[in-house]
Number of protein chains: 2
Amino acid sequence: MQYCVGTKVAIFEDNKLLRDGFEAICNGTPGLSCCGAYADSNSLIHKIERSNPDVVLMDIEMPGIDGITATRIITARWPDIKILIQTVFEDDDKIFNAICAGASGYILKSTPPAKMVEAIYEVQNGGSPMTPNIANRVLRLFQQFAPAVSTDNENYILSSREKEVLALMVEGNSFHNIASTLFLSYETIRTHVKRIYKKLHVASASEAVAKAIRQRLV
Amino acid sequence: MQYCVGTKVAIFEDNKLLRDGFEAICNGTPGLSCCGAYADSNSLIHKIERSNPDVVLMDIEMPGIDGITATRIITARWPDIKILIQTVFEDDDKIFNAICAGASGYILKSTPPAKMVEAIYEVQNGGSPMTPNIANRVLRLFQQFAPAVSTDNENYILSSREKEVLALMVEGNSFHNIASTLFLSYETIRTHVKRIYKKLHVASASEAVAKAIRQRLV
DNA sequence: CAAATTTTCACCCTGGCGGGGTATTGAAAT
DNA sequence: ATTTCAATACCCCGCCAGGGTGAAAATTTG
(Lines give C-alpha, C1' and ligand atoms only; values in the text may rest on other atoms or scores of the structure.)
Protein backbone atom coordinates (compact mmCIF):
# COMPACT_ATOMS: atom_id res chain seq x y z
CA MET A 1 0.00 0.00 0.00
CA GLN A 2 1.49 3.27 -1.06
CA TYR A 3 0.95 6.75 0.29
CA CYS A 4 -1.89 8.37 -1.63
CA VAL A 5 -2.58 12.02 -2.44
CA GLY A 6 -5.20 13.84 -4.52
CA THR A 7 -7.86 11.75 -6.19
CA LYS A 8 -7.40 8.13 -5.26
CA VAL A 9 -8.18 5.69 -8.04
CA ALA A 10 -8.71 1.97 -7.63
CA ILE A 11 -8.38 -0.19 -10.73
CA PHE A 12 -10.19 -3.44 -11.46
CA GLU A 13 -8.92 -4.99 -14.64
CA ASP A 14 -8.00 -8.61 -15.31
CA ASN A 15 -5.53 -7.89 -18.08
CA LYS A 16 -2.19 -7.31 -16.36
CA LEU A 17 -0.76 -5.16 -19.13
CA LEU A 18 -3.73 -2.81 -19.13
CA ARG A 19 -3.83 -2.80 -15.35
CA ASP A 20 -0.22 -1.85 -15.04
CA GLY A 21 -0.65 0.72 -17.77
CA PHE A 22 -3.57 2.39 -16.00
CA GLU A 23 -1.69 2.36 -12.75
CA ALA A 24 1.27 4.05 -14.40
CA ILE A 25 -0.99 6.63 -15.98
CA CYS A 26 -2.65 7.44 -12.68
CA ASN A 27 0.54 7.67 -10.70
CA GLY A 28 2.12 9.70 -13.49
CA THR A 29 -0.62 12.31 -13.41
CA PRO A 30 -0.43 15.14 -10.89
CA GLY A 31 -3.47 15.06 -8.60
CA LEU A 32 -4.14 11.39 -9.27
CA SER A 33 -2.80 8.34 -7.55
CA CYS A 34 -3.54 4.67 -7.78
CA CYS A 35 -4.57 3.30 -4.43
CA GLY A 36 -5.09 -0.24 -5.61
CA ALA A 37 -4.95 -2.33 -8.77
CA TYR A 38 -6.78 -5.64 -8.77
CA ALA A 39 -7.29 -8.43 -11.26
CA ASP A 40 -10.67 -9.50 -9.92
CA SER A 41 -13.50 -8.59 -7.54
CA ASN A 42 -12.90 -11.31 -4.99
CA SER A 43 -12.87 -9.91 -1.47
CA LEU A 44 -14.28 -6.81 -3.11
CA ILE A 45 -15.44 -5.16 0.09
CA HIS A 46 -12.11 -5.72 1.76
CA LYS A 47 -10.25 -4.33 -1.23
CA ILE A 48 -12.37 -1.19 -1.27
CA GLU A 49 -12.06 -0.71 2.46
CA ARG A 50 -8.30 -1.03 2.32
CA SER A 51 -7.69 1.16 -0.72
CA ASN A 52 -10.43 3.71 0.13
CA PRO A 53 -10.72 5.13 -3.41
CA ASP A 54 -12.51 8.24 -4.66
CA VAL A 55 -12.94 6.78 -8.11
CA VAL A 56 -13.03 3.18 -9.26
CA LEU A 57 -12.01 2.25 -12.77
CA MET A 58 -14.05 -0.87 -13.40
CA ASP A 59 -13.66 -3.39 -16.17
CA ILE A 60 -16.93 -5.13 -17.04
CA GLU A 61 -15.44 -8.37 -18.30
CA MET A 62 -13.75 -9.99 -15.35
CA PRO A 63 -13.45 -13.53 -14.07
CA GLY A 64 -15.54 -14.25 -10.98
CA ILE A 65 -17.76 -11.34 -9.96
CA ASP A 66 -18.41 -9.23 -13.05
CA GLY A 67 -17.91 -5.49 -13.13
CA ILE A 68 -21.61 -4.65 -13.06
CA THR A 69 -22.26 -6.71 -9.96
CA ALA A 70 -19.19 -5.19 -8.36
CA THR A 71 -20.52 -1.73 -9.26
CA ARG A 72 -23.84 -2.54 -7.62
CA ILE A 73 -22.13 -3.72 -4.46
CA ILE A 74 -19.88 -0.70 -4.23
CA THR A 75 -22.55 1.94 -4.88
CA ALA A 76 -24.88 0.30 -2.39
CA ARG A 77 -22.29 0.46 0.33
CA TRP A 78 -20.35 3.59 -0.60
CA PRO A 79 -22.70 5.93 -2.46
CA ASP A 80 -19.99 8.58 -2.76
CA ILE A 81 -17.51 6.45 -4.66
CA LYS A 82 -17.67 7.26 -8.37
CA ILE A 83 -17.43 4.34 -10.71
CA LEU A 84 -16.09 4.68 -14.21
CA ILE A 85 -16.97 1.67 -16.32
CA GLN A 86 -14.61 0.80 -19.09
CA THR A 87 -15.16 -1.88 -21.60
CA VAL A 88 -14.44 -3.04 -25.11
CA PHE A 89 -18.09 -3.66 -25.88
CA GLU A 90 -20.84 -1.14 -26.27
CA ASP A 91 -23.96 -3.26 -26.27
CA ASP A 92 -27.22 -1.87 -24.96
CA ASP A 93 -27.77 -4.48 -22.30
CA LYS A 94 -24.43 -3.95 -20.58
CA ILE A 95 -24.80 -0.19 -20.73
CA PHE A 96 -28.29 -0.35 -19.31
CA ASN A 97 -27.31 -2.62 -16.46
CA ALA A 98 -24.19 -0.67 -15.65
CA ILE A 99 -26.16 2.55 -15.38
CA CYS A 100 -28.80 0.92 -13.21
CA ALA A 101 -26.02 -0.46 -11.04
CA GLY A 102 -24.99 3.10 -10.35
CA ALA A 103 -22.09 3.75 -12.71
CA SER A 104 -21.08 7.38 -13.08
CA GLY A 105 -19.43 7.09 -16.45
CA TYR A 106 -18.92 4.71 -19.29
CA ILE A 107 -15.89 4.82 -21.53
CA LEU A 108 -14.36 2.53 -24.10
CA LYS A 109 -10.98 0.94 -23.55
CA SER A 110 -9.88 2.46 -26.82
CA THR A 111 -10.09 5.85 -25.14
CA PRO A 112 -6.66 7.49 -25.24
CA PRO A 113 -4.91 8.03 -21.88
CA ALA A 114 -5.37 11.79 -21.97
CA LYS A 115 -9.14 11.44 -22.38
CA MET A 116 -9.19 8.82 -19.63
CA VAL A 117 -7.52 11.13 -17.16
CA GLU A 118 -9.98 13.83 -18.17
CA ALA A 119 -12.83 11.40 -17.55
CA ILE A 120 -11.56 10.66 -14.05
CA TYR A 121 -11.50 14.38 -13.30
CA GLU A 122 -15.01 14.73 -14.64
CA VAL A 123 -16.56 11.96 -12.54
CA GLN A 124 -14.80 13.39 -9.52
CA ASN A 125 -16.49 16.73 -10.23
CA GLY A 126 -19.98 15.30 -10.57
CA GLY A 127 -19.92 14.83 -14.31
CA SER A 128 -20.64 11.67 -16.25
CA PRO A 129 -18.15 11.23 -19.04
CA MET A 130 -19.33 8.97 -21.80
CA THR A 131 -17.97 8.10 -25.16
CA PRO A 132 -20.22 9.92 -27.66
CA ASN A 133 -21.47 6.63 -29.04
CA ILE A 134 -22.29 5.36 -25.58
CA ALA A 135 -24.09 8.61 -24.85
CA ASN A 136 -26.10 8.13 -27.98
CA ARG A 137 -27.10 4.63 -26.93
CA VAL A 138 -28.10 5.92 -23.51
CA LEU A 139 -30.32 8.53 -25.12
CA ARG A 140 -31.92 5.93 -27.35
CA LEU A 141 -32.48 3.62 -24.39
CA PHE A 142 -34.00 6.54 -22.60
CA GLN A 143 -36.37 7.37 -25.43
CA GLN A 144 -37.34 3.73 -25.49
CA PHE A 145 -38.29 3.64 -21.84
CA ALA A 146 -39.63 7.14 -21.41
CA PRO A 147 -42.81 7.47 -23.47
CA ALA A 148 -44.63 5.68 -20.66
CA VAL A 149 -44.33 8.77 -18.50
CA SER A 150 -44.15 11.62 -20.97
CA THR A 151 -47.90 11.57 -21.50
CA ASP A 152 -50.11 14.46 -20.51
CA ASN A 153 -47.80 17.32 -19.80
CA GLU A 154 -50.08 19.89 -18.31
CA ASN A 155 -48.23 22.84 -16.98
CA TYR A 156 -48.63 22.75 -13.25
CA ILE A 157 -47.25 25.94 -11.80
CA LEU A 158 -46.60 25.30 -8.15
CA SER A 159 -45.01 27.92 -5.97
CA SER A 160 -41.67 27.04 -4.41
CA ARG A 161 -43.29 26.49 -1.04
CA GLU A 162 -45.88 24.22 -2.58
CA LYS A 163 -43.20 22.19 -4.32
CA GLU A 164 -41.41 21.89 -1.00
CA VAL A 165 -44.53 20.60 0.73
CA LEU A 166 -45.28 18.24 -2.15
CA ALA A 167 -41.76 16.85 -1.98
CA LEU A 168 -42.20 16.06 1.68
CA MET A 169 -45.54 14.43 0.94
CA VAL A 170 -43.86 12.23 -1.66
CA GLU A 171 -41.43 11.11 1.01
CA GLY A 172 -44.41 9.89 2.99
CA ASN A 173 -44.51 12.52 5.72
CA SER A 174 -47.73 13.35 7.51
CA PHE A 175 -48.92 16.95 7.48
CA HIS A 176 -47.87 17.28 11.11
CA ASN A 177 -44.40 16.07 10.25
CA ILE A 178 -44.18 18.47 7.34
CA ALA A 179 -45.28 21.29 9.59
CA SER A 180 -42.56 20.66 12.15
CA THR A 181 -39.96 20.04 9.44
CA LEU A 182 -40.65 23.41 7.84
CA PHE A 183 -41.27 25.14 11.18
CA LEU A 184 -44.77 26.05 10.13
CA SER A 185 -48.23 25.62 11.56
CA TYR A 186 -50.15 22.47 10.77
CA GLU A 187 -52.95 24.59 9.40
CA THR A 188 -50.59 26.39 7.07
CA ILE A 189 -49.48 23.08 5.62
CA ARG A 190 -53.10 22.15 5.13
CA THR A 191 -53.73 25.37 3.27
CA HIS A 192 -50.78 24.70 0.99
CA VAL A 193 -51.94 21.14 0.45
CA LYS A 194 -55.42 22.28 -0.50
CA ARG A 195 -53.98 24.65 -3.06
CA ILE A 196 -51.69 21.91 -4.39
CA TYR A 197 -54.70 19.64 -4.84
CA LYS A 198 -56.57 22.35 -6.71
CA LYS A 199 -53.62 23.01 -9.00
CA LEU A 200 -52.96 19.33 -9.72
CA HIS A 201 -56.67 18.57 -10.05
CA VAL A 202 -56.51 15.82 -7.45
CA ALA A 203 -58.35 15.16 -4.22
CA SER A 204 -56.04 13.09 -2.07
CA ALA A 205 -52.46 12.77 -0.95
CA SER A 206 -51.95 9.54 -2.89
CA GLU A 207 -53.09 11.11 -6.12
CA ALA A 208 -50.87 14.12 -5.57
CA VAL A 209 -47.89 11.87 -4.83
CA ALA A 210 -48.53 9.72 -7.88
CA LYS A 211 -48.81 12.77 -10.12
CA ALA A 212 -45.76 14.37 -8.57
CA ILE A 213 -43.60 11.31 -9.21
CA ARG A 214 -44.95 10.61 -12.67
CA GLN A 215 -44.67 14.18 -13.89
CA ARG A 216 -41.43 14.74 -12.06
CA LEU A 217 -42.78 17.74 -10.17
CA VAL A 218 -40.35 17.00 -7.36
CA MET B 1 -29.23 31.89 -49.05
CA GLN B 2 -25.64 31.02 -49.55
CA TYR B 3 -24.01 28.07 -51.22
CA CYS B 4 -23.43 25.31 -48.70
CA VAL B 5 -20.76 22.66 -48.46
CA GLY B 6 -19.86 20.00 -45.91
CA THR B 7 -22.09 19.68 -42.86
CA LYS B 8 -24.96 22.10 -43.12
CA VAL B 9 -26.00 23.65 -39.83
CA ALA B 10 -29.23 25.52 -39.17
CA ILE B 11 -29.36 27.78 -36.15
CA PHE B 12 -32.40 28.64 -34.05
CA GLU B 13 -31.56 31.24 -31.47
CA ASP B 14 -33.49 34.34 -30.52
CA ASN B 15 -30.49 36.29 -29.29
CA LYS B 16 -29.07 38.03 -32.35
CA LEU B 17 -25.55 38.31 -30.99
CA LEU B 18 -25.33 34.61 -30.21
CA ARG B 19 -27.00 33.74 -33.49
CA ASP B 20 -24.54 35.78 -35.50
CA GLY B 21 -21.69 34.38 -33.43
CA PHE B 22 -22.70 30.80 -34.09
CA GLU B 23 -23.15 31.54 -37.77
CA ALA B 24 -19.67 33.01 -37.93
CA ILE B 25 -18.20 30.03 -36.11
CA CYS B 26 -19.87 27.59 -38.46
CA ASN B 27 -18.89 29.40 -41.61
CA GLY B 28 -15.39 29.89 -40.28
CA THR B 29 -14.88 26.19 -39.70
CA PRO B 30 -13.74 24.00 -42.59
CA GLY B 31 -16.33 21.34 -43.30
CA LEU B 32 -19.13 23.29 -41.67
CA SER B 33 -21.44 25.87 -43.10
CA CYS B 34 -24.46 27.68 -41.81
CA CYS B 35 -27.46 27.09 -44.03
CA GLY B 36 -29.87 29.19 -42.02
CA ALA B 37 -30.01 31.29 -38.87
CA TYR B 38 -33.42 32.02 -37.39
CA ALA B 39 -34.70 33.92 -34.39
CA ASP B 40 -37.82 31.79 -33.90
CA SER B 41 -39.60 28.65 -34.99
CA ASN B 42 -42.39 30.28 -36.92
CA SER B 43 -42.82 28.68 -40.34
CA LEU B 44 -40.55 25.98 -38.93
CA ILE B 45 -41.25 23.42 -41.62
CA HIS B 46 -40.69 25.90 -44.38
CA LYS B 47 -37.42 27.05 -42.84
CA ILE B 48 -36.15 23.48 -42.55
CA GLU B 49 -37.22 22.63 -46.08
CA ARG B 50 -35.48 25.66 -47.48
CA SER B 51 -32.24 25.36 -45.54
CA ASN B 52 -32.10 21.54 -45.64
CA PRO B 53 -29.68 21.16 -42.69
CA ASP B 54 -27.76 18.10 -41.49
CA VAL B 55 -27.60 19.44 -37.97
CA VAL B 56 -29.84 21.89 -36.16
CA LEU B 57 -28.53 23.95 -33.30
CA MET B 58 -31.64 24.56 -31.22
CA ASP B 59 -32.16 27.02 -28.42
CA ILE B 60 -34.77 25.89 -25.90
CA GLU B 61 -35.88 29.30 -24.76
CA MET B 62 -37.46 30.97 -27.73
CA PRO B 63 -40.48 33.19 -28.25
CA GLY B 64 -43.40 31.41 -29.90
CA ILE B 65 -42.79 27.72 -30.46
CA ASP B 66 -40.23 26.57 -27.90
CA GLY B 67 -37.18 24.57 -28.83
CA ILE B 68 -38.48 21.28 -27.48
CA THR B 69 -41.65 21.45 -29.51
CA ALA B 70 -39.63 22.42 -32.54
CA THR B 71 -37.36 19.44 -31.92
CA ARG B 72 -40.36 17.15 -31.77
CA ILE B 73 -41.71 18.51 -35.03
CA ILE B 74 -38.39 18.22 -36.84
CA THR B 75 -37.51 14.70 -35.68
CA ALA B 76 -40.99 13.48 -36.54
CA ARG B 77 -40.69 14.72 -40.09
CA TRP B 78 -36.97 14.39 -40.73
CA PRO B 79 -35.62 11.55 -38.57
CA ASP B 80 -32.14 11.95 -40.04
CA ILE B 81 -31.64 15.55 -38.98
CA LYS B 82 -29.56 15.67 -35.81
CA ILE B 83 -30.63 18.20 -33.26
CA LEU B 84 -28.21 19.70 -30.81
CA ILE B 85 -30.02 21.38 -27.95
CA GLN B 86 -28.29 24.29 -26.35
CA THR B 87 -29.53 26.11 -23.34
CA VAL B 88 -28.53 28.11 -20.32
CA PHE B 89 -30.52 25.93 -17.95
CA GLU B 90 -29.86 22.37 -16.95
CA ASP B 91 -33.05 21.42 -15.15
CA ASP B 92 -34.22 17.84 -15.20
CA ASP B 93 -37.57 18.50 -16.76
CA LYS B 94 -36.20 20.31 -19.80
CA ILE B 95 -33.51 17.68 -20.31
CA PHE B 96 -36.03 14.90 -20.02
CA ASN B 97 -38.44 16.46 -22.48
CA ALA B 98 -35.72 17.38 -24.94
CA ILE B 99 -34.45 13.82 -25.00
CA CYS B 100 -37.94 12.45 -25.43
CA ALA B 101 -38.47 14.92 -28.25
CA GLY B 102 -35.57 13.30 -30.05
CA ALA B 103 -32.61 15.55 -29.38
CA SER B 104 -29.22 14.07 -30.23
CA GLY B 105 -27.17 16.18 -27.89
CA TYR B 106 -27.51 18.67 -25.12
CA ILE B 107 -24.90 21.32 -24.45
CA LEU B 108 -24.76 24.45 -22.38
CA LYS B 109 -24.44 27.86 -23.98
CA SER B 110 -21.37 28.39 -21.90
CA THR B 111 -19.63 25.73 -23.99
CA PRO B 112 -16.60 27.26 -25.71
CA PRO B 113 -16.73 27.51 -29.53
CA ALA B 114 -14.10 24.81 -30.02
CA LYS B 115 -16.13 22.30 -27.99
CA MET B 116 -19.26 23.35 -29.83
CA VAL B 117 -17.72 22.62 -33.20
CA GLU B 118 -16.55 19.30 -31.83
CA ALA B 119 -20.09 18.59 -30.65
CA ILE B 120 -21.47 19.28 -34.12
CA TYR B 121 -18.99 16.81 -35.58
CA GLU B 122 -19.97 14.25 -32.98
CA VAL B 123 -23.71 14.42 -33.60
CA GLN B 124 -23.02 14.20 -37.29
CA ASN B 125 -21.07 10.99 -36.66
CA GLY B 126 -23.77 9.35 -34.56
CA GLY B 127 -22.53 10.51 -31.18
CA SER B 128 -24.45 12.37 -28.49
CA PRO B 129 -22.32 15.10 -27.01
CA MET B 130 -23.43 16.22 -23.61
CA THR B 131 -21.95 18.51 -21.02
CA PRO B 132 -20.68 16.20 -18.25
CA ASN B 133 -23.21 17.63 -15.81
CA ILE B 134 -26.03 17.07 -18.27
CA ALA B 135 -24.82 13.53 -18.82
CA ASN B 136 -24.88 13.01 -15.08
CA ARG B 137 -28.46 14.24 -14.89
CA VAL B 138 -29.45 11.97 -17.72
CA LEU B 139 -27.94 9.00 -15.89
CA ARG B 140 -29.73 9.95 -12.70
CA LEU B 141 -33.03 10.33 -14.54
CA PHE B 142 -32.38 6.98 -16.08
CA GLN B 143 -31.69 5.31 -12.76
CA GLN B 144 -34.88 6.88 -11.45
CA PHE B 145 -37.02 5.32 -14.14
CA ALA B 146 -35.21 2.07 -14.68
CA PRO B 147 -34.92 0.14 -11.40
CA ALA B 148 -37.10 -2.51 -13.03
CA VAL B 149 -34.15 -4.90 -13.12
CA SER B 150 -32.55 -4.17 -9.78
CA THR B 151 -33.57 -7.40 -8.09
CA ASP B 152 -31.82 -6.68 -4.82
CA ASN B 153 -35.06 -5.32 -3.38
CA GLU B 154 -36.68 -6.50 -0.23
CA ASN B 155 -39.36 -9.14 0.24
CA TYR B 156 -41.94 -7.26 -1.75
CA ILE B 157 -43.86 -10.39 -2.65
CA LEU B 158 -47.39 -9.18 -3.09
CA SER B 159 -50.16 -11.59 -3.97
CA SER B 160 -51.95 -11.02 -7.25
CA ARG B 161 -54.96 -9.56 -5.46
CA GLU B 162 -52.75 -7.24 -3.48
CA LYS B 163 -51.02 -6.03 -6.63
CA GLU B 164 -54.42 -5.41 -8.14
CA VAL B 165 -55.51 -3.32 -5.17
CA LEU B 166 -52.22 -1.45 -5.11
CA ALA B 167 -52.55 -0.65 -8.79
CA LEU B 168 -55.96 0.89 -8.18
CA MET B 169 -54.55 2.87 -5.28
CA VAL B 170 -51.83 4.24 -7.54
CA GLU B 171 -54.55 5.42 -9.90
CA GLY B 172 -55.93 7.47 -7.04
CA ASN B 173 -59.04 5.45 -6.21
CA SER B 174 -60.53 5.51 -2.75
CA PHE B 175 -61.00 2.25 -0.90
CA HIS B 176 -64.73 2.43 -1.57
CA ASN B 177 -64.06 2.87 -5.27
CA ILE B 178 -61.67 -0.03 -5.31
CA ALA B 179 -64.23 -2.18 -3.52
CA SER B 180 -66.94 -1.51 -6.07
CA THR B 181 -64.51 -1.84 -8.96
CA LEU B 182 -63.44 -5.31 -7.83
CA PHE B 183 -66.94 -6.26 -6.65
CA LEU B 184 -65.65 -6.77 -3.12
CA SER B 185 -66.55 -5.50 0.29
CA TYR B 186 -65.00 -2.30 1.57
CA GLU B 187 -63.68 -4.18 4.58
CA THR B 188 -61.97 -6.71 2.34
CA ILE B 189 -60.14 -3.96 0.56
CA ARG B 190 -59.08 -2.55 3.90
CA THR B 191 -57.70 -5.91 4.92
CA HIS B 192 -55.72 -6.16 1.70
CA VAL B 193 -54.45 -2.64 2.14
CA LYS B 194 -53.29 -3.34 5.67
CA ARG B 195 -51.36 -6.36 4.49
CA ILE B 196 -49.86 -4.36 1.62
CA TYR B 197 -48.68 -1.76 4.11
CA LYS B 198 -47.07 -4.44 6.26
CA LYS B 199 -45.31 -5.99 3.29
CA LEU B 200 -44.06 -2.67 1.93
CA HIS B 201 -43.17 -1.38 5.39
CA VAL B 202 -45.24 1.73 4.96
CA ALA B 203 -48.06 3.30 6.94
CA SER B 204 -50.10 5.32 4.51
CA ALA B 205 -51.57 5.26 1.05
CA SER B 206 -49.19 7.96 -0.20
CA GLU B 207 -46.15 5.99 0.89
CA ALA B 208 -47.48 2.84 -0.68
CA VAL B 209 -48.18 4.66 -3.92
CA ALA B 210 -44.75 6.27 -3.98
CA LYS B 211 -43.05 2.95 -3.35
CA ALA B 212 -45.20 1.19 -5.92
CA ILE B 213 -44.31 3.66 -8.63
CA ARG B 214 -40.64 3.88 -7.75
CA GLN B 215 -40.10 0.14 -7.41
CA ARG B 216 -42.23 -0.68 -10.41
CA LEU B 217 -44.55 -2.88 -8.32
CA VAL B 218 -47.44 -2.06 -10.62
C1' DC C 1 -55.74 -35.65 3.47
C1' DA C 2 -53.75 -31.97 6.30
C1' DA C 3 -51.36 -27.62 6.49
C1' DA C 4 -50.40 -23.26 4.94
C1' DT C 5 -51.66 -19.40 2.41
C1' DT C 6 -54.81 -16.44 0.11
C1' DT C 7 -59.00 -14.23 -0.07
C1' DT C 8 -62.92 -12.83 1.88
C1' DC C 9 -65.78 -10.27 5.47
C1' DA C 10 -66.91 -7.84 10.01
C1' DC C 11 -66.66 -4.54 14.11
C1' DC C 12 -64.66 -0.79 17.08
C1' DC C 13 -62.11 3.34 17.86
C1' DT C 14 -59.16 7.27 17.22
C1' DG C 15 -57.23 10.67 14.65
C1' DG C 16 -55.86 12.57 10.51
C1' DC C 17 -57.45 14.11 6.15
C1' DG C 18 -60.49 16.64 2.75
C1' DG C 19 -63.61 20.62 1.99
C1' DG C 20 -65.71 24.71 3.30
C1' DG C 21 -64.86 29.08 5.03
C1' DT C 22 -62.09 33.71 6.85
C1' DA C 23 -58.12 36.78 7.60
C1' DT C 24 -53.53 39.08 7.99
C1' DT C 25 -49.05 40.13 6.22
C1' DG C 26 -45.55 41.32 2.86
C1' DA C 27 -43.78 41.37 -1.67
C1' DA C 28 -44.26 41.90 -6.43
C1' DA C 29 -46.69 43.70 -10.24
C1' DT C 30 -49.41 47.37 -12.46
C1' DA D 1 -50.86 53.73 -4.70
C1' DT D 2 -53.52 49.93 -5.59
C1' DT D 3 -53.97 45.41 -6.79
C1' DT D 4 -52.61 40.80 -6.87
C1' DC D 5 -50.77 36.82 -5.02
C1' DA D 6 -47.93 33.84 -2.00
C1' DA D 7 -47.49 32.57 2.61
C1' DT D 8 -49.12 32.35 6.95
C1' DA D 9 -52.84 30.92 10.34
C1' DC D 10 -57.32 29.53 12.33
C1' DC D 11 -62.23 27.58 12.56
C1' DC D 12 -65.85 23.80 11.87
C1' DC D 13 -67.56 19.47 10.16
C1' DG D 14 -67.83 14.87 8.30
C1' DC D 15 -65.77 10.93 6.90
C1' DC D 16 -62.39 8.00 5.53
C1' DA D 17 -58.03 5.99 6.65
C1' DG D 18 -55.13 3.40 9.90
C1' DG D 19 -54.75 -0.02 13.69
C1' DG D 20 -56.29 -3.85 16.30
C1' DT D 21 -58.81 -8.32 16.50
C1' DG D 22 -61.26 -12.10 14.88
C1' DA D 23 -62.91 -15.57 11.67
C1' DA D 24 -64.62 -18.26 7.75
C1' DA D 25 -64.34 -19.88 3.05
C1' DA D 26 -61.18 -21.02 -0.95
C1' DT D 27 -57.02 -22.30 -2.90
C1' DT D 28 -52.46 -23.91 -3.06
C1' DT D 29 -49.04 -26.75 -1.18
C1' DG D 30 -46.79 -30.51 1.20
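We name chains A, B, ... by the order of the sequence lines, and we start the count at 1 in each one.
Checked against dG18(D), dG19(C), dA9(D), the side chain of L184(A) finds its nearest nucleotide in dA9(D). The listed nucleotides are dT8(D), dG18(D), dA7(D); the one nearest the side chain of E162(A) is dA7(D). Candidate nucleotides dT8(C), dC12(D), dG18(D) were compared by shortest atom distance to the side chain of R190(A), and dC12(D) ranks first. Here dA9(D) is the nucleotide among dG18(D), dA9(D), dG16(C) with the atom lying nearest to any side-chain atom of E187(A). For H192(A), the side-chain atoms get nearest to dT8(D) when compared with the rest of dG21(C), dG18(D), dT8(D). If you check dA7(D), dT8(D), dG20(D) against the side chain of S159(A), the one that comes closest is dA7(D). Taking only side-chain atoms of R195(A), from C-beta outward, the nucleotide of dG18(D), dA7(D), dT8(C) with the closest atom is dA7(D).
Judged by atom type and distance alone, K194(A) reaches the base of dG20(C) through a side-chain donor-acceptor pair under 3.5 Å.
Heavy atoms of S160(B) sit under 4.0 angstrom from primed sugar atoms or phosphate atoms, though from no base atom.
The pair D66(B)-K94(B) fails the salt-bridge criterion, with no side-chain N (NZ, NE, NH1 or NH2) lying under 4.0 Å from an Asp/Glu carboxylate O.
Side-chain atoms of S43(A) do not come within 3.5 Å of backbone N or O of H46(A) as any donor-acceptor pair. Distance alone, capped at 3.5 Å, places no donor-acceptor pair between the N125(A) side chain and the G127(A) backbone.
Rounding to whole angstrom units, CD1 of residue I178(A) and C1' of dG16(C) are separated by 13 Å. Atom NZ of K163(A) is separated from atom P of dA7(D) by 10 Å (rounded to the nearest Å). Following rounding to the nearest Å, M169(A) (CE) and dG16(C) (P) show an atom-to-atom distance of 15 Å. Distance NZ (K198(A)) to C1' (dG20(C)): 9 Å, rounded to an integer number of Å. In this structure, the CG atom of L182(A) is 8 Å from the P atom of dT8(D), given to the nearest Å. Between the CZ atom of R161(B) and the P atom of dT28(D) there is a distance of 14 Å, given to the nearest Å. At whole-Å resolution of the value, CD in E164(B) and C1' in dT6(C) are 13 Å apart. Per the geometry, CZ belonging to F175(B) stands 12 Å off P belonging to dG18(C), to the nearest Å.
Between A203(B) and T191(B), the residue whose closest nucleotide on DNA chain D is further toward the 5' end is A203(B). Between S174(A) and S185(B), the residue anchored nearer the 5' end of DNA chain C, judged by the nucleotide with its closest heavy atom, is S185(B). The nearest heavy atom of DNA chain C to F183(B) and to H176(A) marks one nucleotide each, and the one closer to the 5' end goes with F183(B).
OP1 or OP2 of dT8(C) has not a single side-chain nitrogen or oxygen of T188(B) nearer than 4.0 Å. Taking side-chain N and O atoms only, Y197(B) has a distance below 4.0 Å to OP1 or OP2 of dG18(D). OP1 or OP2 of dA17(D) has at least one side-chain nitrogen or oxygen of Y186(B) nearer than 4.0 Å.
Side-chain contact between L108(B) and I134(B) is present, with heavy atoms from C-beta onward closer than 4.5 Å. Considering only heavy atoms from C-beta on, L32(B) comes within 4.5 Å of I120(B) through its side chain.
With Y106(B) as the partner, the side chain to side chain contact (heavy atoms under 4.5 Å, CB included) test is satisfied by one option alone out of V138(B), T131(B), T87(B): T87(B).
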